[in-house]
Protein chains: 2
Amino acid sequence: MNKKNKSLSKNQKLVLDFIQGNKKPVKAYSILSNVQKKGINAPPQVYRALDKLIEMGKIHKIESQNSFVACSTSDCETPHAIAFSICNNCDEVSEINDSKLFKYLLDFRDSNGVKFAGYNLEFFGICKSCEQIQKV
Amino acid sequence: MNKKNKSLSKNQKLVLDFIQGNKKPVKAYSILSNVQKKGINAPPQVYRALDKLIEMGKIHKIESQNSFVACSTSDCETPHAIAFSICNNCDEVSEINDSKLFKYLLDFRDSNGVKFAGYNLEFFGICKSCEQIQKV
DNA sequence: AGCATAGTGTTATATTATAACATAAAATAT
DNA sequence: ATATTTTATGTTATAATATAACACTATGCT
């Protein structure tokens, strides 16, 4: 058991369950329509849960897509230091877990010598399966 | 004169002029209301110009803010390889121009050995002036 | 028990972005 | 120089994303 694992509220659980049930990132209104049978009725309820889950590091927001995906590490240490690869062809998103990269970025200082508290990094390219298809 | 400097259309010029006239990133509807006296009437006209300007590397989109800012290098070589710092306190955004960082990221390969065509990187933290204020 | 904090439910509305269609201007090829 | 293609424009309507504001409820402290 992890100290950081604050117990989730009802709506937070519902939203997280749905996100975790999807390999691909999901959109807020898709979450909404899928949890409506379970008692969530309106956008603010979804967005509030999303905000908290992001804070807790349970999920991440893919900024360039306005979509949300479960964190691939069981308990994210650095909710605001995260990297994704996004396929320009099929929109597949995967989380990049490369400790060297993370260290490089968290240690990075700007020209004023200022370190940053976090970052969001999205790589774009063609994923392996799309590349295969193009070759055929 | 630069070969890459395709001449801009009327709407593209209007939109770019307004963005360049602002130190801070601007929002699409703020652009719209500011160019309305100059003959642009509706959102699609703004968004179309924005799309083209991004393609050309004249401007960048700050994904986490849905805002747009002029590229700080006169003629951006890598429109989709860009880094910003964003102040969590005052929302100030500045473009980070660090060739080492750029090279590191463009050379980065994921666990499959796949290189990426581009990336978007946003650092978050407290900017220098906000830090000063907090100390006082 | 009393209080503070966090979460819920709801309505309405703000903000961001695109679809779809008709037309016009510009660039390129023959 | 004109036909063709590509790019841009103008317009209306609407889709998609996100938050404000308010009343109320549950939970965790001390």
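Quick note on labels: first sequence line is chain A, next is B, and so on, each numbered from 1.
Look at B:Asn11 and you won't find any side-chain N or O under 4.0 angstrom from OP1 or OP2 of D:dA8. Under 4.0 angstrom from either OP1 or OP2 of C:dT15 there lies no side-chain N or O belonging to B:Asn66.
Judged by distance alone, with hydrogens and angles left aside, the side-chain atoms of B:Asp110 form a donor-acceptor pair with the main-chain N or O of B:Val114 at under 3.5 Å. The backbone N or O of A:Lys52 lies less than 3.5 Å from no partner atom in the side chain of A:Glu55, so there is not a single donor-acceptor pair. The closest donor-acceptor contact from the side chain of B:Lys27 to the backbone of B:Gln65 lies under 3.5 Å. Panel note: side chain A:Lys13, backbone A:Leu8; a donor-acceptor pair is recorded below 3.5 Å. A donor-acceptor contact shorter than 3.5 Å is absent between the side chain of B:Lys58 and the backbone of B:Leu53.
Remark: P of D:dA8 and CD of B:Glu55 are 9 Å apart, rounded to the nearest angstrom. When rounded to the nearest whole Å, the span between CG of A:Leu8 and P of C:dG7 equals 10 Å. Rounded to an integer number of Å, the gap from B:Leu53 CG to D:dT7 C1' is 14 Å. For B:Lys61 and D:dT17, the NZ to C1' distance is 11 Å, given to the nearest whole Å. Counting to the nearest Å, the C1' atom of C:dT10 and the CD atom of A:Gln36 are 13 Å from each other. Following rounding to the nearest Å, A:Glu63 (CD) and D:dA18 (C1') show an atom-to-atom distance of 13 Å. Regarding A:Leu32, its CG atom lies at a distance of 13 Å from the P atom of C:dT11, rounded to whole Å. Here C:dA17 presents its C1' atom at 13 Å from CD1 of B:Ile31, a figure rounded to the nearest Å.
A donor and an acceptor atom never sit less than 3.5 Å apart when one is taken from the side chain of A:Tyr29 and the other from the base of D:dA15.
Candidate nucleotides C:dT8, D:dA8, C:dA17 were compared by shortest atom distance to the side chain of A:Lys10, and C:dT8 ranks first.
Where B:Ser9 and A:Lys27 meet DNA chain D, the nucleotide closest to each residue was compared, and B:Ser9 sits on the side nearer the 5' end.
Exactly one residue among A:Ser94, A:Ser64, A:Pro25 makes a side-chain contact (heavy atoms from CB on, under 4.5 Å) with A:Ile86. That residue is A:Ser64.
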When the side chains of residues 99-109 of chain B are checked against the rest of the protein, which donor-acceptor pairs come out under 3.5 Å, sequence neighbours left out?
{"residue": "B:Lys103", "atom": "NZ", "partner": "B:Asp107", "partner atom": "OD2", "Å": "2.6"}
{"residue": "B:Arg109", "atom": "NH1", "partner": "B:Gly113", "partner atom": "O", "Å": "2.9"}

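If you check residues 39-52 of chain A against DNA chain D, the residues with a heavy atom closer than 4.0 Å are A:Pro43, A:Pro44, A:Tyr47, A:Arg48, listed by number.
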